[in-house]
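Computed from a predicted structure; not experimentally measured. Residue numbers run from 1 in the order of the sequence given.
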Amino acid sequence: MTESRSAPAARVIAQRIGLEAPQAELADRVMRAARAEGMRASGIPGLDLIRFDQPSRPLPTVCEPSLCVVVQGRKQTRLAGETYTYDALHYLVVSMSLPVVGQVIEASPERPYLCLRFEMQPAVVHELQQQIGVRSAAAAPARRALYLARSSAPLLDAVLRLVRLMDTPQDAAVLAPLALREIHYRALTGELGQHLLDLCSVEGTAQRIARAIDLIKRRYAEPLRIEELAAAAHMSSSALHHRFKAVTAMSPLQFQKQLRLQEARRLMLLEGLEAAAAGHRVGYESPSQFSREYRRLFGAPPRQEIELARLGQRVADG
């Protein structure tokens, strides 16, 4: 799914649906709170602030369950072969851990990319489902665990009230959980709310796949046994393979491979391991296979890509 529009056109649409004023205040508050590039904690549990002053290069990462509201600028997230482009008119929902490639595509020092990342809590969605009486479709098809939906004035109002609480920590301790719950409620009752409900349903297909993902994450460096994953998900091996790909856009083996390569990158970048040692640590027996697959995912051989990443980090740090 791809959405794109010029900045002036986006502002016109935002004006028409009543989003421009809250977005302007959000941009001002996030700019003041996040003075440097990157992601930082807001001081409110469950809320992170993200800022980029220029377009970024594609960066693979593991995206944890979250709801991301862009305040300014534009970003692309790629899941396997699919591209999701979102801006201040759309929010991104990720309902389970997914290896993705993110790239900020619209940002400048004058108008940085600004984003609010909220921790997605399936348990809260389930509680709200019980309270308001909505039900997951009995035979809902397996859905992607990542999707875009249009922002709304009620959602942004709840987001703005939460962000204002950064200025009053004594109030945030009591009121922030209520605002976070309302944000979940707005996502559940807004566009594609049924999608979110199906993804968070306790006994739904997505939660069975989430159990398989959890097992892969905990044992990513070990040989992958589909039968063991299927048992964890309470599915047959063929059903697991089919539904895993429907939810994550990749097979269990492809999912494990991306986790391995991203952990190897972290080991080289942050712990200083050499490529061969990092590859071995995450389960690769062949250094040449590791280098080949690393280059396919990151666009450059391990040593070159890590040098580029460190250079970019030094530039961002000034």
Side-chain angles (χ1 to χ4, degrees), residues 1-4 37-39 48-52 55-70 73-87 90-107 113-122 142-149 187 192 195-196 199-200 206-207 209-210 212-218 220 243-270 282 293-300 305-306 308-309 312-313:
M1 175 177 180
T2 300
E3 297 278 354
S4 63
E37 288 191 288
M39 183 166 72
D48 295 316
L49 311 176
I50 303 171
R51 172 176 177 161
F52 279 89
S56 69
R57 64 193 185 91
L59 179 62
T61 187
V62 176
C63 193
E64 298 299 335
S66 55
L67 187 154
C68 297
V69 175
V70 173
R74 202 146 47 103
K75 184 177 181 180
Q76 281 185 346
T77 292
R78 293 199 296 275
L79 175 66
E82 302 171 355
T83 299
Y84 299 78
T85 303
Y86 50 109
D87 53 20
H90 300 84
Y91 59 91
L92 176 78
V93 174
V94 181
S95 66
M96 63 186 70
S97 301
L98 292 175
V100 301
V101 178
Q103 182 178 17
V104 173
I105 58 175
E106 185 179 295
Y113 170 81
L114 304 171
C115 181
L116 300 161
R117 179 190 177 277
F118 304 92
E119 179 185 349
M120 178 58 66
Q121 300 176 18
R143 303 178 187 269
R144 287 283 189 267
L146 180 155
Y147 69 90
L148 299 180
L192 302 184
H195 192 149
L196 176 61
L199 287 167
C200 295
Q207 289 308 301
I209 299 302
I213 286 175
D214 183 63
L215 183 59
I216 297 174
K217 287 174 64 180
R218 286 188 283 110
Y220 65 87
R243 293 178 181 175
F244 194 101
K245 193 161 188 177
V247 171
T248 70
M250 62 193 85
S251 69
L253 185 60
Q254 290 169 328
F255 191 100
Q256 181 199 43
K257 184 184 298 183
Q258 290 214 23
L259 292 185
R260 284 182 167 185
L261 293 170
Q262 292 194 34
E263 174 62 10
R265 184 180 190 272
R266 188 194 69 80
L267 292 171
M268 291 185 287
L269 182 62
L270 300 182
V282 301
E293 293 185 354
Y294 189 100
R295 180 170 188 166
R296 189 176 300 133
L297 178 61
F298 291 95
E305 197 276 333
I306 292 299
L308 286 171
Q313 196 170 57

Distance (rounded to the nearest 0.5 Å) between L116 CG and D48 CG: 9.5 Å
Residues forming a side-chain contact (heavy atoms from CB on, under 4.5 Å) with T77, sequence neighbours excluded: K75, Y86, L92, V100, L146
E119: side chain to side chain donor-acceptor pair (under 3.5 Å) partners, not counting sequence neighbours: none
Over 12 foreign heavy atoms within 6.0 Å of CZ, R295: no
Contacts of R51 that satisfy salt bridge (Lys or Arg N to Asp or Glu O under 4.0 Å) - sequence neighbours left out: D53
Set of side-chain contact (heavy atoms from CB on, under 4.5 Å) partners for E305, sequence neighbours left out: R57, R265, Y294, F298, A300, A309
Backbone of A246 reached by a side-chain donor or acceptor of R144 within 3.5 Å: yes
Salt bridge D87-R74, side-chain N to carboxylate O under 4.0 Å: no
Under 3.5 Å: donor-acceptor pair, side chain of Q262, backbone of T61: yes
Sequence-distant partners of E64, salt bridge (Lys or Arg N to Asp or Glu O under 4.0 Å), two or more places apart: K217
Sidechain-backbone polar pair: Q103 side chain, S56 backbone, donor-acceptor under 3.5 Å: yes
Within residues 94-104 or reaching into it, pairs that qualify as salt bridge (charged side-chain N to carboxylate O under 4.0 Å, His left out) - sequence neighbours excluded: none
By side-chain contact (heavy atoms from CB on, under 4.5 Å) - contacts of P65 (at least two apart): S97, M120
By salt bridge (Lys or Arg N to Asp or Glu O under 4.0 Å) - contacts of R218 (at least two apart): D214
Listed partners of F244 passing ring-ring contact (aromatic ring centres under 6.0 Å, His included), at least two apart: F255
Residues in side-chain contact (heavy atoms from CB on, under 4.5 Å) contact with K257, at least two apart in sequence or another chain: L261, Y284, E293
Side-chain donor or acceptor of R260 paired with backbone N/O of V282 under 3.5 Å: yes
